[in-house]
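Keep in mind that what you see is a predicted model, and the values were worked out from it rather than measured. Position 1 is the first residue of the sequence; numbering continues from there.
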Amino acid sequence: MEVKKHRRLTLKERVIIQTLLNEEKSKSYIAIKLNRSRSTIGREVNKWVQKKRT
């Protein structure tokens with residue numbers, strides 16, 4: 001039986017991403033804190049997070 005390399009982001013991880021983005025932390029910082037790749041965080045942010053309009 002093979003072990004899966006990839007796993008989806010959990011709701012908890014998504015909440016952490018949102019919280020850290022609100023604190024203006026970088027995607028690299030978030031990736032390190034969650035032990036995920038920068039590209040995973042970048043894709044998640046680009047896909048779901050909308051920029052604040054001023």
Side-chain angles (χ1 to χ4, degrees):
M1 188 165 147
E2 290 185 38
V3 176
K4 284 187 177 181
K5 284 197 217 175
H6 307 286
R7 58 186 170 89
R8 294 182 179 179
L9 289 171
T10 63
L11 178 60
K12 183 177 178 180
E13 288 175 316
R14 289 186 171 107
V15 170
I16 292 169
I17 291 170
Q18 185 65 44
T19 303
L20 291 174
L21 285 173
N22 288 338
E23 294 175 5
E24 299 183 5
K25 302 294 184 187
S26 70
K27 293 175 191 172
S28 296
Y29 176 85
I30 296 169
I32 291 167
K33 288 296 179 188
L34 294 178
N35 197 27
R36 296 287 193 147
S37 73
R38 287 183 313 200
S39 61
T40 299
I41 303 302
R43 279 193 302 270
E44 188 71 15
V45 170
N46 293 338
K47 186 175 181 182
W48 296 110
V49 176
Q50 296 180 0
K51 305 246 187 234
K52 293 180 184 177
R53 294 183 183 181
T54 55

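- Side chains of S39 and S37: a donor-acceptor N/O pair is present below 3.5 angstrom, by distance only.
- A 6.0 Å sphere centred on CZ of R14 holds more than 12 heavy atoms belonging to other residues, nucleotides or ligands.
- With rounding to the nearest 0.5 Å, the separation of CD in E44 from CD in Q18 is 10.0 Å.
- With hydrogens and angles ignored, the 3.5 Å screen pairs no side-chain donor or acceptor of R36 with any backbone N or O of I41.
- Here the closest non-hydrogen pair linking G42 and K27 is CA-CD, 4.0 Å.
- Applying the 6.0 Å contact sphere to CD of E23 captures more than 12 heavy atoms from other residues, nucleotides or ligands.
- Between T40 atom OG1 and L34 atom CG the span is 10.0 Å, to the nearest 0.5 Å.
- Chaining together hydrophobic side chains whose heavy atoms lie under 4.5 Å apart places V15 alongside L11.
- Under the 4.5 Å side-chain heavy-atom criterion for Ile, Leu, Val, Met, Phe, Trp and Tyr, I32 and V45 are members of distinct hydrophobic clusters.
- Scanning both residues, K25 and I30, for their nearest heavy atoms gives O-CD1, 4.2 Å.
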